[in-house]
Amino acid sequence: MLGVVIPHHSQRDALMRAAASVGNHPLVVVDDSADGGLRLPDVEVVRTAGSQGFAHAVNRGLASLESMGCTLAMILNDDAVLDSGALDMLHAAWSPTDGALAPVLHEPSGPVYGIRVSSWGRVQLATQPGPVQALSGAALLMRASERFDERYRHGFEDLELCRRLTQRGLRVRVVEDARCIHEA
């Protein structure tokens with residue numbers, strides 16, 4: 001079963017658009033805002049202590065999805081909106097050899113096809129299709145049993161996760177027909 005985790009920090013209007021884009025899949029919103037108190041009708045909201053960071057918030061949501069019986073999880077930023085059918089395309093493309101899949105992110109500066117990391121460690125957004133070494137945590141399909149390293153509060157946690165996945169022989173790749181608008 002596929003579920004969705006949306007970590008929420010401060011963009012309530014954007015959160016509502018993100019939540020609406022996931023369809024009828026089980027949804028967990030993790031409220032990591034400083035003030036808390038987020039309530040959404042018909043959505044499970046998990047509260048952190050506040051301002052714990054992306055990795056911690058997502059991990060709380062993944063644990064919640066696992067307790068619901070979900071085996072796959074779509075991580076979606078609260079400022080990202082999946083195109084109609086994108087989540088179903090990602091789910092259909094998933095195979096046992098995958099560690100993570102992502103849609104093409106459409107950022108204000110243009111499309112992003114993942115992240116390329118050079119052999120000497122230079123990190124660069126891939127603006128053209130092709131092999132990538134990592135995917136953005138802004139929109140990422142992965143096993144619900146995986147966890148982000150919480151030492152990365154906000155930044156590079158997605159690269160570190162993808163590194164661990166590929167070291168285990170799993171693929172990270174972009175499904176080019178799936179799109180996600182990331183307001184960044």
List the steps and the verdict of salt bridge (Lys or Arg N to Asp or Glu O under 4.0 Å) for Glu160 and Arg151. CA-CA 10 Å; Glu160 190 280 332; Arg151 293 176 292 181; 5.5 Å; no

Tell me, with the steps shown, if Glu66 and Arg143 meet salt bridge (Lys or Arg N to Asp or Glu O under 4.0 Å). CA-CA 9 Å; Glu66 271 195 300; Arg143 289 175 181 80; over 6 Å; no

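With 3.5 Å as the limit, one finds no donor-acceptor pair spanning the side chains of Asp78 and His9. Side-chain contact annotation: Arg171 with Ser95, donor-acceptor N/O pair under 3.5 Å present.
The closest donor-acceptor contact from the side chain of Glu146 to the backbone of Ala144 lies at 3.5 Å or more, if one exists at all.
Interatomic distance, CZ of Arg164 versus CG of Asp149, reported as 6.0 Å (0.5 Å rounding). To the nearest 0.5 Å, atoms CE (Met142) and CG (Leu135) are separated by 11.0 Å. Put simply, OG on Ser67 and CD on Glu44 are 6.5 Å apart, with the number rounded to the nearest 0.5 Å. One distance of note links CG of Leu15 with OG of Ser33; it measures 10.0 Å at 0.5 Å rounding. Here Thr48 contributes atom OG1 and Asn59 contributes atom CG; the two are 12.0 Å apart, rounded to the nearest 0.5 Å. Distance OH/Tyr113 to CZ/Arg173: 15.5 Å, rounded to 0.5 Å.
Closest approach of Leu2 to Met74, counting heavy atoms only: CD1-N, 4.0 Å.
Looking at residues two or more places apart in sequence or on another chain, you find a side-chain hydrogen bond (donor to acceptor under 3.5 Å, both in side chains) between Gln167 and Arg163.
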